[in-house]
Amino acid sequence: MQRHSLYNKFMLLTALVLSAACSNSDPGTTEEEFSGTGQGVFVLCEGNFNSGNATLSYYNPETRQVENGVFQRANDRRLGDTGQSIQLHDGVAYVAMENSGIIWALDTATFRVRGQLTTGQTEHMINPRYIHFLSSEKAYVTDLYSPYITVFNPRTMGYVGSIPTGQAEAFGYNSTEQMVAWGDRVFTNCWSYSNKILVIDTRRDEVADEIVLSSWQPKSMVLDAMGKLWVITDGGYSTEEDSFSDNIPHLYRIDAETLTIELDQTLDTDEANVQLATNPAGTVLYVINNDVYRMDITASHLPVRPFIEAPRGSNGLRHYLYGIGVNPRNGEIYVADAVDYRQSGVVYRYAEDGQLLDQFRVGITPNSFAFK
Amino acid sequence: MDEVQVTAHRRLKDTGLQKTVLDTTVLHQHIALSMSDILTQHSTLFIKSYGRATESTAEFRGTSPSHTQVVWNGMKINSHMLGTVDFSTIPAYFIDQANLLHGASSLTLTGGGLGGAVEMQTRPLFGQGYALQYIQGIGSFGTYDQFLRFTYGNDRWSTSTRLVYSTSDNDFKYTNYDKKVDVRDAEGHIVRSYHPTERNRSGYFDDIHALQDVYYRDDRGNRFGGMLWYTHSLRGLPFLSVDYRDNLDFKNEHRQDALRSVLSWERRFGRWNTAVRGGYVWQDIAYDYSTTREAVSTDITHSRSRSHQGYVQADADWMPTDRWLLSGNLSAYYNHVRSADKSPFHIGDNYNLGRTEYNLSLSAKWRPTERLSLSAVLREECYKRGSLNGQRGKADFVPVIPALFAEYAVWKSEKRTVRSEKNSPLTSQLYLKASVARNYRYPTMDDLYFKPGGNPDLRPERGITYDGGLEGTLVHKSFSLKANLSAFDSYITDWILWTPNAKGYWQPSNLKKVHNYGTEMMLTADVRLPHRWGLSLTANYAFTPSINRSEDLDDNDASYGKQLVYVPRHSANLSGRLSWRNWTLRYQWTFYSERFTTTSNEVSYITGRLRPYYMNDISVEKQFQWRKVHASLKAAVNNLFGSEYVTVLSRPMPGRNFEIFVEIKPQWQGKKMKNEREK
């Protein structure tokens with residue numbers, strides 16, 4: 001009997017030994033101290049949709065040093081999913097995280113979170129895209145899905161109200177994208193299934209007018225020194241059997257005062273991630289359409305030859321240019337290369353004359369820049 | 001004599017195969033397990049899971065989920081759209097035997113399994129009388145699992161009816177390390193910060209599965225079978241751990257209805273085994289992502305797809321002598337898919353198209369000497385799409401797929417019926433195995449026709465695989481040991497990869513070239529000990545480097561020579577089963593090494609790698625055998641140590657959770673049938 005009991009105990013011990021296996025440890029928690037001195041550049045890296053791997057990089061052009069993942073390192077939390085845009089205002093960086101439904105307000109020196117606006121605080125925000133500051137207490141947020149522009153107070157990060165965009169649903173969508181201001185007007189381009197630019201009266205916070213374009217899906221918009229609105233469309237998409245528009249990007253010049261379309265140029269390439277930027281004086285337009293083109297705002301058409309050719313690999317394949325930013329202090333041009341969208345992207349820094357000054361690795365899919 | 005012949009025949013059929021067999025003792029452990037759980041715990045396959053009861057796909061040897069071909073009772077069930085199978089929607093209780101065919105071995109079943117193939121079967125229960133089984137499971141997070149099975153089998157007929165109904169709020173709490181809450185004082189200074197505890201509120205599921213099978217056999221070697229499997233699955237899709245939106249404002253739901261049916265006629269006569277099968281699959285999938293706030297509804301994604309598949313197949317095996325086995329197989333599939341969605345990039349039908357697929361396979365297996373067997377397989381596949389834009393599709397022939405297998409018995413004991421003899425001497429077998437194969441996977445219908453993005457110019461993916469290994473068994477009295485060791489080397493070129501284009505939608509191209517190599521090991525030990533103790537152990541280990549050898553996209557591309565994303569280099573698992581009288585203790589340990597999330601394997605990147613995954617599950621079961629009823633009571637603890645983990649970025653998994661199962665098996669007929677069997 002005694003022997004049986006010992007034997008049984010031994011078998012139980014065997015069972016316990018079997019169960020002794022290691023478990024996953026907790027992730028460490030640390031918050032790094034930063035002092036982002038200098039007139040640095042924030043690079044927002046979009047990450048992969050539904051992966052939550054967007055990051056923020058900080059580059060100092062003087063020292064040519066780059067710090068990657070500064071949001072996570074300073075705040076011990078993730079930036080979120082699909083970083084859409086970054087804007088600086090009154091020494092604070094505002095980052096719209098589209099598929100996380102949050103806008104972060106960050107200290108531009110310590111990168112610490114100062115506040116946040118989440119969809120739950122608002123009535124209609126869904127996927128925030130771009131932010132436009134009207135004053136230190138009033139800002140607009142555009143949205144990929146919501147038929148409203150959200151108004152918030154950037155100082156308190158409190159919700160103020162919503163502006164119905166009032167556009168007829170196109171296939172169930174009504175998106176608003178980038179914003180530029182001219183007097184009491186804010187223009188916003190409607191990208192998803194739309195061919196419109198909305199004109200918002202900022203005194204009354206309502207849509208006052210609209211501009212209808214001949215081409216679909218206006219993607220990017222800037223205002224030049226002459227009060228002209230430059231808009232580039234991606235032309236929708238088109239396949240053999242089925243199409244939504246014709247796939248051909250157009251470049252428009254529109255008078256911000258009279259809302260008349262003064263120039264409509266058809267671009268010759270499709271499938272391009274079209275983006276616009278201007279030099280600090282607003283007298284030169286930069287266009288990404290596979291390569292980077294440079295155009296005087298008084299010119300009547302985009303030059304045929306690119307100003308900066310997208311770098312080409314040894315196999316002749318062109319790098320994917322994904323974003324452009326111009327430093328308002330010195331006119332230096334920053335161009336983002338997404339590589340394969342699944343690894344750290346590369347940023348190229350060019351002088352105003354197109355000479356390559358530096359290049360550095362950032363996060364996944366760099367798409368926008370903000371200059372301190 | 002008959003017995004020996006059947007055994008010899010089976011071995012010849014399995015010449016050189018790297019095959020893992022999962023039987024009912026593994027598959028029917030408990031009703032809450034899906035095939036994805038079973039494969040995670042009992043094989044070297046890597047299961048990529050987006051959460052509890054959410055999409056889970058299986059990868060052999062560091063390939064992709066679409067390189068795993070899945071066959072149910074002879075019929076391929078991979079999605080025509082995606083090429084994958086979601087193993088989380090297959091209850092393990094519906095499968096009576098699963099064979100995992102690794103690498104080249106998959107070519108004995110089907111083409112296109114560049115990683116391998118999973119063959120799932122239901123089995124008849126002739127002569128076993130009536131049996132009724134009901135299992136009720138109640139678990140954490142509002143989980144209820146119900147299972148009912150009724151079987152009847154006499155000498156001619158066998159029928160089984162199985163029903164599984166699983167429902168769960170799945171509303172588990174987890175510490176969200178991806179978020180941090182700052183508590184501020186009146187001046188706005190941070191007083192303290194903490195990682196919040198959040199809830200997986202939108203991950204509910206409600207799954208119904210029903211399976212009916214009927215078999216009939218006669219005295220002339222005919223067997224007829226019919227199977228019908230219906231699934232209705234409604235699942236909420238959990239929010240990302242980095243989503244700050246209130247999940248109560250959003251509906252993010254995946255709904256799937258599927259009906260799969262197979263009719264079969266098998267006939268054995270003389271030295272022939274023949275079979276004719278036909279089948280039909282209907283599948284309806286809906287995905288809705290929308291929000292309603294302040295009385296304003298907005299659709300974000302609204303996607304629908306409906307597919308029909310018809311299938312016919314004829315097989316013949318002929319053994320002209322004991323040394324030769326010749327087989328032929330011809331099958332045809334017709335798939336029709338209507339896929340439509342509404343997203344910021346597309347509206348209307350993605351495509352509405354039919355495609356016909358023909359497969360022919362011929363094989364010869366030969367045993368020139370008692371110890372050596374050789375086998376050759378040739379396959380041909382042809383695809384032809386329906387009319388598109390008024391243009392008829394042309395027949396597209398995939399190049400001939402050849403495979404060669406060899407097996408050599410280094411050591412073989414002569415006694416085959418050793419298991420039935422109680423005090424037999426030690427017996428052992430050791431086989432050397434090798435194979436080489438070329439394989440092709442034809443692009444899926446989404447790859448070719450999806451709008452926008454689909455690329456009609458895609459070529460089939462090409463693979464070449466070399467396999468070698470050892471398989472040994474050792475049986476001594478009440479102890480048995482089985483070990484399998486294999487090494488493989490495989491190259492896949494023209495690997496189809498979807499990448500985002502500049503407009504924001506994704507497009508496939510024949511981009512990648514991948515070198516997969518490594519080893520797979522399996523060890524099973526069974527021992528019956530005195531005083532009704534029993535111990536069995538199964539261990540699996542795989543080393544699967546899966547290296548990108550594609551040409552660099554450009555000078556900045558650092559992905560050459562790097563491990564593919566989300567593919568672990570090492571995976572291992574260990575299952576232990578200890579029994580004493582009516583008690584059974586099961587222990588399950590699963591391990592995956594770190595996985596990279598970037599193609600360049602950057603370790604400095606904050607989310608660049610997922611930490612190694614260790615999982616421990618335990619269960620204790622007590623069986624009761626009363627005269628009128630057999631019953632069992634089981635308690636299971638999953639994630640015993642409460643590991644906080646993800647297998648995919650930003651997709652939190654549940655912590656420690658519990659489930660209790662009560663099983664009831666009435667025995668009103670059992671005794672009579674048992675007596676009959678004993679006669």
Distance from D178(B) atom CG to D76(A) atom CG, nearest 0.5 Å?
10.0 Å

Side-chain heavy atoms of [X] within contact of [Y], under 4.5 Å:
{"X": "D81(A)", "Y": "D243(B)", "result": "no"}
{"X": "T298(B)", "Y": "H124(A)", "result": "no"}
{"X": "Q343(A)", "Y": "K562(B)", "result": "no"}
{"X": "T291(B)", "Y": "Y145(A)", "result": "no"}
{"X": "T599(B)", "Y": "V339(A)", "result": "no"}

Given the options [options], which has more heavy-atom pairs under 4.5 Å with chain A than any of the others?
{"options": "D246(B), T175(B), D557(B)", "answer": "D557(B)"}
{"options": "R184(B), K179(B), Q588(B)", "answer": "R184(B)"}
{"options": "N639(B), L511(B), L497(B), D555(B)", "answer": "D555(B)"}
{"options": "G454(B), A558(B), S604(B), G188(B)", "answer": "A558(B)"}
{"options": "D182(B), V648(B), D249(B), N176(B)", "answer": "D182(B)"}

Below 4.5 Å from any heavy atom of chain A, which atoms of [X] appear? Answer side chain, backbone, both or neither.
{"X": "I606(B)", "value": "side chain"}
{"X": "F250(B)", "value": "side chain"}
{"X": "T607(B)", "value": "side chain"}

When [options] are compared by non-hydrogen pairs under 4.5 Å with chain B, the top option:
{"options": "T118(A), N75(A), I102(A)", "answer": "I102(A)"}
{"options": "N68(A), T365(A), T55(A)", "answer": "T55(A)"}
{"options": "G120(A), G363(A), G345(A)", "answer": "G363(A)"}

For R361(A), check salt bridge (charged side-chain N to carboxylate O under 4.0 Å, His left out) against everything at least two apart and list the hits.
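In terms of salt bridge (charged side-chain N to carboxylate O under 4.0 Å, His left out), with neighbours along the sequence ignored, R361(A) is linked to no residue.
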
Could you work out, with salt bridge (charged side-chain N to carboxylate O under 4.0 Å, His left out) as the rule, every residue matching R595(B), not counting sequence neighbours?
none

Please evaluate residues R293(B) and I126(A) with respect to the criterion side chain to side chain contact (heavy atoms under 4.5 Å, CB included), reporting the C-alpha separation (whole Å), side-chain torsions for both, the decisive distance (0.1 Å), and the verdict.
CA-CA 10 Å; R293(B) 294 166 66 208; I126(A) 301 173; 4.1 Å; yes

So which part of [X] gets closer than 4.5 Å to some heavy atom of chain B, the side chain, the backbone, both or neither?
{"X": "I364(A)", "result": "both"}
{"X": "T156(A)", "result": "neither"}
{"X": "D337(A)", "result": "side chain"}
{"X": "Q359(A)", "result": "side chain"}
{"X": "F49(A)", "result": "neither"}

Sub-3.5 Å donor-acceptor pair from the side chain of [X] to the main-chain atoms of [Y], do we have one?
{"X": "R342(A)", "Y": "S559(B)", "result": "no"}
{"X": "S51(A)", "Y": "L649(B)", "result": "no"}
{"X": "R245(B)", "Y": "T119(A)", "result": "no"}

Heavy-atom closest contact (Y605(B) atom, S344(A) atom, distance):
CD1-OG, 3.9 Å

Please find the pair of heavy atoms, one from R78(A) and one from Y244(B), that lie closest to each other, and give the distance.
O-OH, 4.5 Å

N53(A) vs T598(B), side chain to side chain contact (heavy atoms under 4.5 Å, CB included): CA-CA, chis, key distance, verdict:
CA-CA 10 Å; N53(A) 57 356; T598(B) 63; 5.9 Å; no

Just by distance, no angles: are the side chains of Y348(A) and N556(B) close enough, under 3.5 Å, to form a donor-acceptor pair?
yes

